[in-house]
Amino acid sequence: MKISILDQSPISSGKTAQDALQESMRLAQIGEKLGYTRYWIAEHHDYPGLACSAPEVMLGYIGANTKKIRIGSGAVLLPHYKPYKIAETYHMLATLFPDRIDLGIGRAPGGSAEATMALSDNFLEQVRKMPEKIIDLLHFLQNDFPSDHMFSKISASPLPAISPEPWILGTSEKSAILAAENGTAYAFGHFMSDKEGSDIMKTYLERFKAKGRLQRPKSIVAVSVICSETTERAEELALSGYLWHVQSAKGEGKKGIPSIEEAKQYSYSSDEKEMIKAMRNKMVIGNPREVKQQLLALQTLYQADEIMIVTITHSYEDRAQSYKLIAHEVL
């Protein structure tokens with residue numbers, strides 16, 4: 001089984017954004033040593049408890065401090081940006097770090113309505129234009145606009161020897177079809193979807209059209225996982241993430257990921273308990289053997305080539321240890 005890392009660069013309560021970003025770099029280094037296939041970092045804007053608003057900046061830093069692990073965005077939120085600029089940025093990264101760059105493409109706002117307005121004038125209109133924007137982006141990445149196209153005379157320079165690998169990320173059938181029809185790889189966010197993901201992945205696999213360098217479907221399923229030496233400890237570590245999501249839903253999560261002690265002392269309403277129950281049902285939590293079994297089951301369910309793991313804990317050490325235990329059990 002191929003396994004990879006999706007990092008949201010969480011800020012723990014009592015720590016700073018700088019601490020979180022340094023921990024992200026260290027996590028990428030650990031992932032490389034352990035044999036993880038790739039490391040992706042997410043894009044969020046003014047989002048309580050998450051530090052990375054510019055994956056392209058972090059990827060330059062992480063690339064310079066690692067040697068071989070593939071690195072990428074999970075994802076660039078395309079409605080906010082022009083395809084040409086994204087292609088230039090990721091061509092720069094692919095020139096600096098040859099054959100290591102992934103370009104994950106998403107359409108979520110990545111933050112509040114106010115942050116979305118500050119980033120893009122008409123977000124919903126840009127979402128509607130996503131199919132056209134993706135086509136333009138792929139042409140810029142491949143440097144192959146038709147000769148009669150207005151962009152045929154320009155290049156998203158520098159042009160790397162090996163262009164970034166594009167991935168479309170999503171949680172809906174619409175995103176699966178978009179990836180399939182454009183012949184790109186597809187990553188499904190199991191951890192953030194309330195839909196039947198295996199049916200969506202099946203749509204991608206069945207409708208995939210070979211284009212460009214990808215001649216067969218290529219897929220990832222992204223899963224929220226917490227692993228520890230014992231099931232009881234793993235369940236305890238998950239408490240911080242539960243409370244953080246509850247607080248974030250109420251606009252109260254700006255202090256970062258709460259400690260386990262804070263989570264134990266919090267008095268949850270019945271609605272909040274239901275929210276946590278729904279979260280728990282989507283997560284993989286347990287000791288190394290249990291986690292491996294659940295990941296294999298998800299891989300089979302989704303017919304996925306790869307599992308990508310996102311882990312939120314208050315302590316960086318617990319988060320790193322979770323990835324270590326999984327790697328030692330699976331790889």
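Everything numeric in this text was worked out from a predicted model, so none of it was measured.
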Quick check against the 3.5 Å criterion: does Lys282 have a side-chain atom that pairs as donor or acceptor with the backbone of Ser224? no
Looking at Thr313, is its backbone amide N or carbonyl O close enough to the side chain of Ser240 to form a donor-acceptor pair, meaning the two atoms are under 3.5 Å apart? no
Answer yes when Lys218 and Glu306 have at least one side-chain N-carboxylate O distance shorter than 4.0 Å, and no when they do not. no
Describe, in one word, how the ring planes of Phe145 and Phe151 are oriented to each other, choosing from parallel (under 30°), tilted (30 to 60°) and perpendicular (over 60°). perpendicular
Assess, by modelled atom type and distance only, whether the side chains of Ser73 and Glu56 contain a donor and an acceptor separated by less than 3.5 Å. no
Can Glu181 and Arg207 be counted as an ion pair, charged N to O under 4.0 angstrom? yes
Less than 6.0 angstrom separating the ring centers of His139 and His149, yes or no? no
Return the minimal non-hydrogen interatomic distance between Ala28 and Ile62, and the atom names on each side. CB-CG2, 3.6 Å
Any luck finding a side-chain donor-acceptor pair between Tyr186 and Ser175 under 3.5 Å? yes
Run the side chain to side chain contact (heavy atoms under 4.5 Å, CB included) check on Tyr242 and Glu272 step by step: do they pass? CA-CA 9 Å; Tyr242 297 156; Glu272 290 168 348; over 6 Å; no
Does the distance from a Lys or Arg side-chain N to an Asp or Glu carboxylate O, for Asp318 and Arg233, drop under 4.0 Å? yes
Is it true that Arg280 and Glu235 make a salt bridge, defined as a side-chain N closer than 4.0 Å to a carboxylate O? yes
For Asp102, is there an ion pair with Arg38 - N to carboxylate O distance below 4.0 angstrom? yes
Measure across Asn65 and Met25 and return the closest heavy-atom pair with its distance rounded to 0.1 Å. CB-SD, 3.8 Å
Starting from the C-alpha separation in whole Å, work towards a yes-or-no answer on side chain to side chain donor-acceptor pair (under 3.5 Å) for Lys202 and Gln303. CA-CA 8 Å; Lys202 185 178 179 182; Gln303 301 179 60; over 6 Å; no
When the ring planes of Trp167 and Trp40 are compared, do they come out parallel, tilted or perpendicular, using 30° and 60° as the limits? perpendicular
Exercise: identify the closest heavy-atom pair between Leu239 and Tyr268: O-OH, 4.4 Å
Pairing of Arg128 and Glu125 as salt bridge, 4.0 angstrom limit: yes
Is a donor on one side and an acceptor on the other found under 3.5 Å between the side chain of Thr184 and the backbone of Pro166? no
In terms of side-chain geometry, is the basic nitrogen of Lys264 or Glu261 positioned less than 4.0 Å from the acidic oxygen of its partner? no
Apply side chain to side chain contact (heavy atoms under 4.5 Å, CB included) to residues Trp244 and Leu50 and explain how you reach the verdict. CA-CA 11 Å; Trp244 174 59; Leu50 301 181; 3.6 Å; yes
Parallel, tilted or perpendicular: which one describes the rings of Phe208 and Tyr204, with boundaries at 30° and 60°? perpendicular
Kindly give the cluster partners of Leu124, where membership spreads through any ILVMFWY side chain lying under 4.5 Å from a current member. Phe123, Val127
Go through Leu27 and Arg319 one step at a time and tell me if the side chain to side chain contact (heavy atoms under 4.5 Å, CB included) criterion holds. CA-CA 9 Å; Leu27 182 61; Arg319 188 159 58 113; 3.5 Å; yes
Is the side chain of Glu329 donor-acceptor paired with the backbone N or O of Ile326 at a distance under 3.5 Å, no angle test? no
Under 3.5 Å: donor-acceptor pair, side chain of Asn182, backbone of Leu178: yes
Not counting sequence neighbours, list each pair that qualifies as a salt bridge (Lys or Arg N to Asp or Glu O under 4.0 Å) and has a residue in residues 84-101. Arg70-Asp99
Looking only at heavy atoms, the pair that brings Lys2 and Thr37 closest together is CB-OG1, 3.7 Å
Side-chain donor-acceptor contact under 3.5 Å, Gln247 with His245: no
As a quick check of understanding, evaluate side chain to side chain contact (heavy atoms under 4.5 Å, CB included) for Asp7 and Tyr323, giving each step before the final call. CA-CA 11 Å; Asp7 185 11; Tyr323 283 108; 5.9 Å; no
Sequence neighbours excluded, the answer for ring pair (Phe, Tyr, Trp, His ring centres under 6.0 Å) partners of Tyr61 is none
His91/Phe140 aromatic ring centres below 6.0 Å: no
